[in-house]
Amino acid sequence: MSNILLTNFLDASRSLGPVPNSATPESVRDWFVAEYLAKRAGGFNYDPASFATYQLFRGAATKEQAISFCETTGNPKGRPQNADAIRTVADYALENISRCHKTGFVALQVGRAEGQSVYVGIQAPFLRVRERQGRVVVHGYRLSHRPVEQEIDVACAIALSHLARDDYSEADIEYLYAGPGPDGKRMFRSILGRDRALPSREELDDLMSIYVRGIALLLRDGASPQPPSFRGYQIYSKEDGMMF
């Protein structure tokens, strides 16, 4: 169920618009009203494809096995989409077998709005190391939206600012895009943070402040979300010293 207090990092990036530096709390609120709260979710997730991606990168599954797993696992509504996403990324993963380490689901507290904590969630990331190069891997497998380049940059900055730290502070971010291309069909891109002009930490702080203020406007307008479910998530807050 959609919950404005725990939003996927891809949606948080989308809410800031195609030109994030022009975002306002009002534009964030309006995006949520039009694109998030008013539209029903697809009824499935990409968890099977996420797991299969991890297995492919560590050489624990063949392409055929990964596709079969997605065709027989999870919500039946999403099995064709999960399998199609894996068909799109499998060859690249198998060409880049790596040492892989799961990092788990992460919920980042980005601020407080109207007395409630606001979180951004990063689902199913993992770290892969190949030829001494570490990459924190996240994915964009949805077919419902084709992000513009700046939306990708903000999403990567959110993930990198938290996940690439401590022992992995030198790791790059790798965003596996398997969403729609110009023709609407799935296309594959491996997008590396080092090749992008990602927002700085200060810029990201400013963007997240705008985001939280937009959530506050939603709450003032009468939005009444249920308490978010953190099942399977590691929760980090600013007080932990692990945020931005």
Side-chain angles (χ1 to χ4, degrees), residues 1-47 49-50 78 81-82 85 105-111 113 116-125 137-163 173 175-180 191 198-199 204-219 221 223-233 235-236 243-244:
M1 179 178 292
S2 300
N3 193 314
I4 62 174
L5 298 179
L6 175 59
T7 305
N8 184 282
F9 76 114
L10 299 175
D11 289 322
S13 174
R14 284 182 63 196
S15 75
L16 293 164
V19 185
N21 289 339
S22 298
T24 65
E26 290 77 14
S27 69
V28 170
R29 175 199 58 197
D30 293 346
W31 181 88
F32 268 91
V33 171
E35 299 293 334
Y36 195 80
L37 299 177
K39 295 183 178 180
R40 299 184 62 182
F44 67 91
N45 57 43
Y46 281 96
D47 288 354
S50 297
Q81 291 88 336
N82 275 264
F105 286 21
V106 174
L108 308 175
Q109 184 188 9
V110 294
Q116 302 198 63
S117 294
V118 179
Y119 298 87
V120 171
I122 306 172
Q123 294 185 324
V137 181
V138 294
H139 63 72
Y141 289 167
R142 300 174 181 174
L143 271 178
S144 57
H145 174 67
R146 185 180 179 216
V148 301
E149 296 303 304
Q150 286 184 283
E151 290 174 357
I152 292 173
D153 289 343
V154 172
C156 287
I158 293 171
L160 183 63
S161 66
H162 179 73
L163 296 173
I173 189 77
Y175 177 59
L176 301 179
Y177 180 75
I191 300 170
L198 302 186
L204 193 57
D205 267 339
D206 290 342
L207 291 174
M208 290 296 96
S209 175
I210 292 169
Y211 174 79
V212 171
R213 286 152 57 198
I215 298 297
L217 290 178
L218 280 171
L219 295 172
D221 288 347
S224 54
Q226 295 295 317
S229 172
F230 294 109
R231 182 178 181 181
Y233 283 88
I235 302 174
Y236 294 106
M243 183 60 189
F244 304 144

Return yes if a side-chain donor-acceptor contact under 3.5 Å exists between H145 and E151, otherwise no. yes
Report yes if the side chains of [X] and [Y] come closer than 4.5 Å at any heavy-atom pair, otherwise no.
{"X": "P228", "Y": "Y233", "result": "no"}
{"X": "Y175", "Y": "D153", "result": "no"}
{"X": "V138", "Y": "L10", "result": "no"}
{"X": "F9", "Y": "L108", "result": "no"}

Name every donor-acceptor pair, under 3.5 Å, that has one atom in a side chain of residues 206-216 and the other anywhere in the protein, sequence neighbours excluded.
residue: Y211; atom: OH; partner: T7; partner atom: OG1; Å: 3.1

Drop me the distance from [X]'s [atom1] to [Y]'s [atom2], to the nearest 0.5 angstrom.
{"X": "Y236", "Y": "Q109", "atom1": "OH", "atom2": "CD", "answer": "14.0 Å"}
{"X": "Q150", "Y": "N21", "atom1": "CD", "atom2": "CG", "answer": "7.0 Å"}
{"X": "D221", "Y": "F32", "atom1": "CG", "atom2": "CZ", "answer": "13.0 Å"}
{"X": "R146", "Y": "I152", "atom1": "CZ", "atom2": "CD1", "answer": "8.5 Å"}
{"X": "L217", "Y": "E26", "atom1": "CG", "atom2": "CD", "answer": "5.5 Å"}
{"X": "W31", "Y": "L37", "atom1": "CH2", "atom2": "CG", "answer": "8.5 Å"}

Between S50 (side chain only) and Y46 (backbone N and O only), is there a donor and an acceptor less than 3.5 Å apart? yes
Between [X] and [Y], which heavy-atom pair has the shortest distance, and what is it?
{"X": "L198", "Y": "C156", "value": "CD2-CB, 4.0 Å"}
{"X": "A12", "Y": "V120", "value": "CB-CG2, 4.1 Å"}
{"X": "A113", "Y": "V118", "value": "CB-CG2, 3.8 Å"}
{"X": "P225", "Y": "I4", "value": "CG-CG1, 3.8 Å"}
{"X": "G232", "Y": "F105", "value": "O-CB, 3.3 Å"}
{"X": "V154", "Y": "S13", "value": "CB-OG, 3.5 Å"}

Walk me through whether Y141 and N82 qualify under side-chain contact (heavy atoms from CB on, under 4.5 Å). CA-CA 8 Å; Y141 289 167; N82 275 264; over 6 Å; no
Answer with yes or no after comparing the ring centroid distance for F230 and Y119 against a 6.0 Å cut-off, counting only values under it. yes
Let's go through N8 and R14 carefully: what are the C-alpha distance in whole Å and the side-chain angles of both, what is the deciding distance for side-chain contact (heavy atoms from CB on, under 4.5 Å) to 0.1 Å, and is it a yes or a no? CA-CA 10 Å; N8 184 282; R14 284 182 63 196; over 6 Å; no
How would you list, by chain and number, every residue that makes a side chain to side chain donor-acceptor pair (under 3.5 Å) with Q116, sequence neighbours excluded? none
